Amino acid sequence: MERITSEGMRRFNHLVSETDAAYHEAALKMGMSDSIMQIMYILCDKGGDCPLGEICRLSGISKQTINSALRKLEEEGIVYLEGMDGKKKRACLTEEGKRTAERTVVKLIEIENGILASWPREELEWYLELTERYLVALKGKIKDL
């Protein structure tokens with residue numbers, strides 16, 4: 001079979017894969033699974049609590065995997081679940097969870113912020129605009145599949 005992926009798409013896919021690998025390496029260095037790191041990251045980004053449905057949506061992780069990871073985090077005293085309207089729940093960082101986050105994912109967030117802050121404002125806006133444009137177009141085309 002001949003290659004059908006354009007050179008630009010191959011480069012893009014390579015960069016996405018390498019970025020994913022870098023975040024996986026970060027999770028390993030923090031002693032976390034990828035899914036636990038993503039949950040902790042989202043909780044930190046949201047100020048310490050977030051509805052479970054939103055965690056699933058933001059992370060792209062299945063509900064089953066999220067629930068399994070949250071059970072582990074609950075057992076470790078890192079998070080607790082709190083009821084919301086009806087059957088909906090949200091995950092909340094405990095005080096121990098906040099300390100754990102400071103030692104782990106907050107450091108990663110600081111690294112990310114530092115990298116983006118080092119870019120000239122115009123380049124950052126350009127990067128974000130192009131990334132968003134690609135995402136919007138991709139989602140639109142996927143709907144047409």
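Because the structure is predicted, anything quoted here is derived from the model rather than measured.
In summary, Lys98 and Glu95 engage in a salt bridge, as defined by a charged side-chain N under 4.0 Å from a carboxylate O. A salt bridge links Arg99 with Glu96: the distance from a Lys NZ or Arg NE/NH1/NH2 to an Asp or Glu carboxylate oxygen falls below 4.0 Å.
Side-chain atoms of Glu54 and Lys46, non-hydrogen and from C-beta on, do get closer than 4.5 Å to each other. Contact check for Leu93 versus Met40: side-chain heavy atoms found under the 4.5 Å cut-off. Using a 4.5 Å heavy-atom cutoff, the side chains of Ile61 and Asp34 are not in contact. A heavy-atom distance below 4.5 Å is found between the side chains of Thr100 and Arg103.
Rounded to the nearest 0.5 angstrom, Arg57 CZ and Ile66 CD1 are separated by 12.5 Å. Here the CG atom belonging to Leu43 is positioned 8.0 Å from the CG atom belonging to Leu73, to the nearest 0.5 angstrom. The CG atom of Leu108 lies 12.0 Å from the NZ atom of Lys29; values are rounded to the nearest 0.5 Å. Taking OG1 of Thr65 as the start and CG of Leu70 as the end, the distance is 10.5 Å to the nearest 0.5 Å. The distance from the CG atom of Asn67 to the CD atom of Glu74 is 9.5 Å, given to the nearest 0.5 Å. Note that the SG atom of Cys56 and the CD1 atom of Ile39 stand 8.0 Å from one another [nearest 0.5 Å].
Applying the ring pair (Phe, Tyr, Trp, His ring centres under 6.0 Å) test to every pair with at least one member in residues 14-67, sequence neighbours left out, gives no pairs at all. Evaluation of the ring pair (Phe, Tyr, Trp, His ring centres under 6.0 Å) test over residues 43-73, restricted to residues two or more places apart or in two chains, returns none.
With Ser17 contributing its side chain and Asn13 its backbone, the two residues share a donor-acceptor pair below 3.5 Å.
Checked against side-chain contact (heavy atoms from CB on, under 4.5 Å), Leu124 has the following partners two or more places apart in sequence or in another chain: Leu116, Trp119, Arg121, Leu128. Residues passing the side-chain contact (heavy atoms from CB on, under 4.5 Å) test with Ser33 are Ser35, Ile36, sequence neighbours excluded. Under the salt bridge (Lys or Arg N to Asp or Glu O under 4.0 Å) criterion, Arg10 pairs with Glu7, sequence neighbours left out.
Under a hydrophobic clustering in which Ile, Leu, Val, Met, Phe, Trp and Tyr are joined whenever their side-chain heavy atoms come within less than 4.5 Å, directly or via other members, Leu135 and Leu58 fall into different clusters. Leu28 and Ile109 are not part of a single hydrophobic cluster, where members link through side-chain heavy atoms under 4.5 Å apart. Leu138 and Leu145 fall within the same hydrophobic cluster, defined by Ile, Leu, Val, Met, Phe, Trp and Tyr side-chain heavy atoms under 4.5 Å apart, directly or through other members. In terms of hydrophobic clustering, with Ile, Leu, Val, Met, Phe, Trp and Tyr side chains grouped at heavy-atom distances under 4.5 Å, Val106 and Met32 are assigned to different clusters.
Taking all atoms of both residues into account, the shortest heavy-atom contact from Met30 to Val105 is SD-N, 3.6 Å.
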Worksheet item: What's the verdict on salt bridge (Lys or Arg N to Asp or Glu O under 4.0 Å) for Glu76 and Lys72, showing C-alpha distance, side-chain angles and the deciding distance?
Response: CA-CA 6 Å; Glu76 295 174 358; Lys72 185 174 190 306; 2.7 Å; yes

Item to complete: For the pair Leu52 and Leu81, evaluate side chain to side chain contact (heavy atoms under 4.5 Å, CB included) and give the outcome as yes or no after the intermediate values.
Response: CA-CA 9 Å; Leu52 299 187; Leu81 298 181; 4.0 Å; yes

May I have the list of side-chain donor-acceptor pairs in residues 82-89 shorter than 3.5 Å, sequence neighbours left out?
unit_1: Glu82; atom_1: OE1; unit_2: Arg90; atom_2: NE; d: 2.6
unit_1: Glu82; atom_1: OE1; unit_2: Arg90; atom_2: NH2; d: 2.3

